[in-house]
Amino acid sequence: MSTITTNSTRGTPPPPDERGQALHDRLEAIWRNPRGWGALAAVNHSTIALRFMVTGAVFFVIAGLLAMLLRAQLALPNHGFIGAETYNQAFTMHGTIMMFLFAVPILQGLAAYLLPKMLGARDLVFPRLSAFGYWCYLFGGIIFTSSLLFGVAPNAGWFMYTPLSSNVYSPGINADFWLLGITFVEISTMAAGIEIAVSILRTRAAGMGLHQMPIFAWAMLVTSLMIVLGFPPLILGSILLELERSAGWVFFDPTRGGDPLLWAHLFWLFGHPEVYIVFLPAAGVVSTIVPVFARRPLVGYRWVVVSLISIGFISFGLWVHHMFTLGIPALAQAFFSAASMLVGIPTGVQLFAWIATLWTGRPVWRAPMLWVGAFLTVFVAGGLTGVMLALVPFNWQVHDTHFVVAHFHYVLVGGMLFPLLAGVYYWLPHFSGRMPSERLSKIGFWLTFVGFNGTFLVMHWTGLLGMPRRVYTFDTGLGWDLPNLISSVFSFLMAFGVATVLLDIALHFRFGRKAPTNPWGADTLEWATSTPPASYNFASQPALSTRHPLWDDPTLPESIAEGRHALAEPGHARRETLGTDPVSGRVREVLLLPNNSWLPLVASLLLSGLCLALLAKQYAVALAFVALVTIALLRWSWINGAHPDVGGAARDARPAGLKLHPFTFDGPGLWGMGLTLLADGALYGSLIFGWFFLWTVAPSWAPPAVSPLGTWMLPAATVALIVGRGLLHRVNRLLCHAQERGLAMLLWSTVLCGCVASALFAGLLATAPLHPTRSAHDAMLAFALCFLLLHSALATVLTGLQAVRLHLGYVGKDAPYEPGVVTAFWSFATGATAVAWLAFALVPQAFAR
């Protein structure tokens, strides 16, 4: 297939016949959102995703206004537009909002909207988790940005380096807003990452193997796995720093065995993958748009997929290149310098694939392609300066100058914002059913593109002249006057351009001309839905055997709407979608999805109360909120699986012998638990890394001669958890053989093992001679024991709930998969305890001898 003929001239499809209309009415009654205040309980992925994107756009505007304040202050030497403290707050908030409240959430929102439609599914696999993630994002973002209104915004930089962010130099609650607010928001990011990854693996159209997935789905799969592994180090660092600030525990104070470099490592273990977390989805957008407007399939599909995976892998080995000036050994500098240049190879593969696709096709330059062209130009320039910064001698010269600021704006704006706007213009007809304005969109594009380059291209010059970043003013006569004035003038031109783009998007919803079916002549399945789509996406779910379903079968939208494919009869007034094999796309079961629920909103409101109580240092109130949050989340977990309130969970086969997932052994909850534990393991691994880092690097690390953990309690807890894990394994074997006899006794015996392990951890915390406010050694041990106690207690509670559910008939030989989910959690708790025994007791004793 060398060229593709667009079908955009076919117009809108004919109105549905009586059978099609009846099918639509039945599905709409099941899937539609509640009205009025009930809309707050909606869990539909399109609704939640649109909320993500609109909220992200609001935060983008706030961050942009802060940037205008910064450029106004730097327009002239010795300018007094804003003072030093205001500048520091604005600078910190601008970077933080852009990275945490705009870039990642809005891309996840776009993915949450598109992926079920691209993959042929009716919804994401955990709808309540999507809603919970949005409310955490909204409330966390409001709490964080409210600090601006009260004049206590974070002021230590968006990277929050210690000791600048410690109590000595940031004594107020400014830094606490960052640590608590951003950690709250990261719950949303992690939830969306897990949701998207499991949905891609388990809800694709029948027959859509991994080798047939859209590139955007590949990009989001890699990105979501990077989020699962990349965000936990920062979450751990934020918790440790907040404990140091609020409780006096020592982790980063070098006088008491800590080291501020530990924060730098934990932050950049997140911070450098973060660059590619925002780039890869944008690259997926470009790989989706370019073939459509080139009128031919993407050149080198497999190579592009391999490059996405390679970038995801290599990005975790680059974090130290942000730390070349912090006293890193020469050998480490050489390794990370080489790795930083290596990542350019898979990035170049994608670039050449896009160029080859355009070169061998028949490009049509509409509004989306203008932004793609801007991306190709600006991102390549940013990549070249990135290679320059990977060279250690050059990095030493320009580190912490405006050259670095210019570089990462070229990478992040060019590599994320421009492709995002290309995607927004491309999918606007899908959101609204109307076409964007070609004239106004071009005006907005050129104002933004010229303004951006005029702002940041000149900043390379300013940086080479030696101007440091994070300074709020400068003296005249240093050669910085003219370039700063130029940057400031062009920054306002860029602001007018962005305002024009936002105005264009807003006006088009009312004044844009009606869009025909598949207006761009696209190949991917999201254009087989109505525009805007129905709440259930597809009246029937087609089987696919091609990467280009709409190019190979232009009649697919009609056959889907007429109910000629799977799940065309909504039999039991329940929300369901096909569950498929992660590799081959073979249909395995029918996934039962929960209905609208208030639980996500309630749980996020309670978490907001917990965050506010911690900010106010009201720890008794915070404990009360912890109890309430726990109750809400356990209630959430209770209405799950075969519970009768989960949208009509009937024990019948659907269709052709397929079962509903609660009555199988491999429901999506098992995959969700697996990814959750992968994130948990990344956090715990970061803790172990911190332990050995301080042991080998911290100047005042002073372990006692005898381990405060004793000799028997930690191994005894390990044995108790191993026994409990073995009992749960026996439970799963009995369920595999459809036997229920003895299950209750095994489950309650497992609960007893968990109680013993939890009591041992609590006893260690109460009796061990640990002084976490005096020594980083003791603080690390105390934190590890709290981590292990939390996991053993939670494993115990979850097992007890399984025993009760067995008694009520929600778990058993006909509904066997939930114990497997709990078993996975037990396995993690057991492994974490064994690792703690090895790392915190056995290894130090071996070296002490």
Before giving the answer on side chain to side chain contact (heavy atoms under 4.5 Å, CB included), spell out for Ser287 and Phe216 the whole-Å C-alpha distance, their side-chain angles and the decisive distance to 0.1 Å. CA-CA 7 Å; Ser287 293; Phe216 183 71; over 6 Å; no

State, yes or no, whether a side-chain contact exists between [X] and [Y] at a heavy-atom distance under 4.5 Å.
X      : Y      : result
Glu186 : Pro232 : no
Leu66  : Leu148 : yes
Ile97  : Phe144 : yes
Arg434 : Arg513 : no
Met467 : Leu74  : yes

task: Among Leu457, Leu485, Val450, find the residue that satisfies the side-chain contact (heavy atoms from CB on, under 4.5 Å) test when tested with Phe490.
output: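 Among the candidates, only Val450 passes.
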
Which label fits [X] and [Y]: parallel for a plane angle under 30°, tilted from 30 to 60°, or perpendicular past 60°?
X      : Y      : value
Phe449 : Phe445 : parallel
His409 : His94  : parallel
Trp135 : Phe139 : parallel

- How far apart are the C-alpha atoms of Phe492 and Phe496, what are their side-chain angles, what is the distance that settles it, and do they pass the ring-ring contact (aromatic ring centres under 6.0 Å, His included) test? CA-CA 6 Å; Phe492 281 88; Phe496 283 122; 7.5 Å; no

Report, as yes or no, whether the 6.0 Å neighbourhood of atom [atom1] on [X] holds more than 12 heavy atoms from other residues, nucleotides or ligands.
X      : atom1 : value
Tyr161 : OH    : yes
Phe509 : CZ    : yes
Arg470 : CZ    : yes

Report the distance from atom [atom1] of [X] to atom [atom2] of [Y], rounding to the nearest 0.5 Å.
X      : Y      : atom1 : atom2 : answer
Ile143 : Cys611 : CD1   : SG    : 4.0 Å
Asn484 : Leu76  : CG    : CG    : 9.0 Å
Ser315 : Ile277 : OG    : CD1   : 7.0 Å
Tyr425 : Ile289 : OH    : CD1   : 12.5 Å
Ile173 : Leu614 : CD1   : CG    : 12.0 Å
Ser337 : Leu342 : OG    : CG    : 11.0 Å

For Phe270, the option from Phe316, Phe100, Trp319 that meets ring pair (Phe, Tyr, Trp, His ring centres under 6.0 Å):
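Only match with Phe270 under ring pair (Phe, Tyr, Trp, His ring centres under 6.0 Å): Phe100.
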
Is the [X] to [Y] ring centre distance short of 6.0 Å?
X      : Y      : result
Phe336 : Trp268 : no
Phe408 : Phe159 : no
Phe456 : His407 : no
Trp427 : Tyr113 : no
Phe102 : Phe59  : no
Phe379 : Phe418 : no
Phe394 : Phe403 : yes
Trp354 : Phe375 : yes

List the atom of [X], the atom of [Y], and the distance in Å for their closest heavy-atom pair.
X      : Y      : result
Ile196 : Ala111 : CD1-CB, 4.0 Å
Ala103 : Val278 : CB-CG1, 3.7 Å
Ile314 : Pro346 : CD1-CG, 4.3 Å
Leu101 : Tyr137 : O-OH, 2.6 Å
Asn395 : His321 : ND2-O, 3.8 Å
Val372 : Ala422 : CG2-CB, 3.9 Å

Exercise. Apply side chain to side chain contact (heavy atoms under 4.5 Å, CB included) to the pair Trp371 and Leu417, showing each step before the final yes or no.
Key: CA-CA 9 Å; Trp371 293 102; Leu417 180 62; over 6 Å; no

Is it true that the side chains of [X] and [Y] contain a donor and an acceptor less than 3.5 Å apart?
X      : Y      : value
Asn155 : Tyr87  : no
Ser437 : His508 : no
Thr96  : Trp178 : yes
Tyr472 : Thr86  : no
Thr462 : His402 : no
Ser488 : Arg71  : yes

Going through the checks in order, is the ring-ring contact (aromatic ring centres under 6.0 Å, His included) test met by Phe324 and Trp396?
CA-CA 7 Å; Phe324 283 159; Trp396 283 345; 8.2 Å; no

_Applying side chain to side chain contact (heavy atoms under 4.5 Å, CB included) to Thr473 and Gln73, what does each step give before you reach the verdict?_
CA-CA 7 Å; Thr473 191; Gln73 169 62 22; 4.0 Å; yes

For this session: Give the C-alpha distance, both sets of side-chain angles, the deciding distance and a yes or no for side chain to side chain contact (heavy atoms under 4.5 Å, CB included) between Tyr276 and Thr223.
Result: CA-CA 8 Å; Tyr276 295 98; Thr223 299; over 6 Å; no

